[in-house]
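Here the structure comes first, spelled out in structure tokens, and everything after it is commentary.
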Amino acid sequence: GENVEQHPSTLSVQEGDSAVIKCTYSDSASNYFPWYKQELGKGPQLIIDIRSNVGEKKDQRIAVTLNKTAKHFSLHITETQPEDSAVYFCAASGGGTSYGKLTFGQGTILTVHP
Amino acid sequence: SAVISQKPSRDICQRGTSLTIQCQVDSQVTMMFWYRQQPGQSLTLIATANQGSEATYESGFVIDKFPISRPNLTFSTLTVSNMSPEDSSIYLCSPRVGTDTQYFGPGTRLTVL
């Protein structure tokens, strides 16, 4: 089945700096890669996603890049703000017998210091 | 997107009892997923529930422990049966909207004493 590795596990930045979180996946048939933000006491919130026919997608301060050859994708947050502090999860939607099922990375705790 | 509600939002239960978690979605969805998130951990898929068919369970999860109902396209329940302290987790429903987009409910925070 699919395996997703996420790094770093914790990330601390100053307000206004950029933050980058990276994920690798194992199943070359995976074709959908969402990112979720989870604040304390809440369910995960979908913040951006990318499909395998696209290399990059941007939504205001958030962007995601996908390298299918290397099987890795990254989340980029620019001009970070204290309210960006949360746990971020990447996920991959597998192929084959895991078709359509999301496999999640281990999560990254992002702290933005004012 | 989708508006998702879960009941209860949290509960404290005694060992050996069962709890049924309800998930309501504001639109009809074909596929509903149930996840478990243990304290400080990532999300683990418990089962996939399609309306009109039996739920399919992931390795390590069985129907006797986590029975699921899916009576219509906007509602599903997950029961955690014969609970032990190891079942203390956040349980999340996740409807699929469109071909692959998944949203999550707010979660049910379960503590088993």
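Lettering follows sequence order; numbering is per chain, from 1.
Residue-environment remark: CD (A:Glu79) stays at or below the threshold of 12 foreign heavy atoms within 6.0 Å. Heavy atoms from other residues, nucleotides or ligands lying under 6.0 Å from NZ of A:Lys22 number 12 at most. More than 12 heavy atoms of other residues, nucleotides or ligands shown are found within 6.0 angstrom of CZ on A:Arg61. Open room surrounds CD on B:Glu54; 12 or fewer heavy atoms of other groups in view lie less than 6.0 Å from it. Heavy-atom neighbours of A:Gln60 CD from other residues, nucleotides or ligands within 6.0 Å: at or below the threshold of 12.
Across every non-hydrogen atom of A:Lys101 and B:Arg96, the tightest pair is N-NH2, 4.2 Å. Residue B:Gln41 comes nearest to A:Phe89 through the heavy atom pair O-CZ, 4.0 Å, listed as atom of the first residue, atom of the second, then distance. When all heavy atoms are compared, the tightest approach of A:Tyr32 to B:Gln102 is OH-N, 4.4 Å.
Transitive grouping of hydrophobic side chains (ILVMFWY, heavy atoms separated by less than 4.5 Å) brings B:Met31 and B:Val29 into a common cluster. Note: the hydrophobic cluster containing A:Tyr88 does not contain B:Phe104 (ILVMFWY, side chain heavy atoms under 4.5 Å, direct or indirect links). By the rule that hydrophobic residues join a cluster once side-chain heavy atoms approach within less than 4.5 Å of another member, B:Ile63 and B:Leu19 end up as members of one cluster. A:Ile62 and A:Leu110 end up in the same hydrophobic cluster when Ile, Leu, Val, Met, Phe, Trp and Tyr side chains are linked at under 4.5 Å. Residue B:Met83 is grouped with residue B:Leu92 when hydrophobic side chains (ILVMFWY) are merged at heavy-atom distances under 4.5 angstrom, including chains of intermediate members.
B:Ser42 places a side-chain N or O within 3.5 Å of a backbone atom of A:Gly105 that can act as its donor or acceptor partner.
Atom CG of A:Asn31 sits about 7.0 Å away from atom CG of B:Asp100, to the nearest 0.5 Å.
No part of B:Thr44 comes within reach of chain A, as not one of its non-hydrogen atoms sits under 4.5 angstrom from that chain. For B:Arg109, the part lying near chain A is the side chain, with the backbone staying farther off; criterion is any non-hydrogen pair under 4.5 Å. Heavy-atom distances place both the backbone and the side chain of B:Leu43 under 4.5 Å from chain A.
Between A:Leu102 and B:Phe33, every side-chain heavy-atom pair lies at or beyond the 4.5 Å cut-off.
Contacts with chain B (heavy atom to heavy atom, under 4.5 Å) involve these residues of residues 34-53 of chain A, listed by number: A:Tyr36, A:Gln38, A:Gly41, A:Lys42, A:Gly43, A:Pro44, A:Leu46, A:Asp49, A:Arg51.
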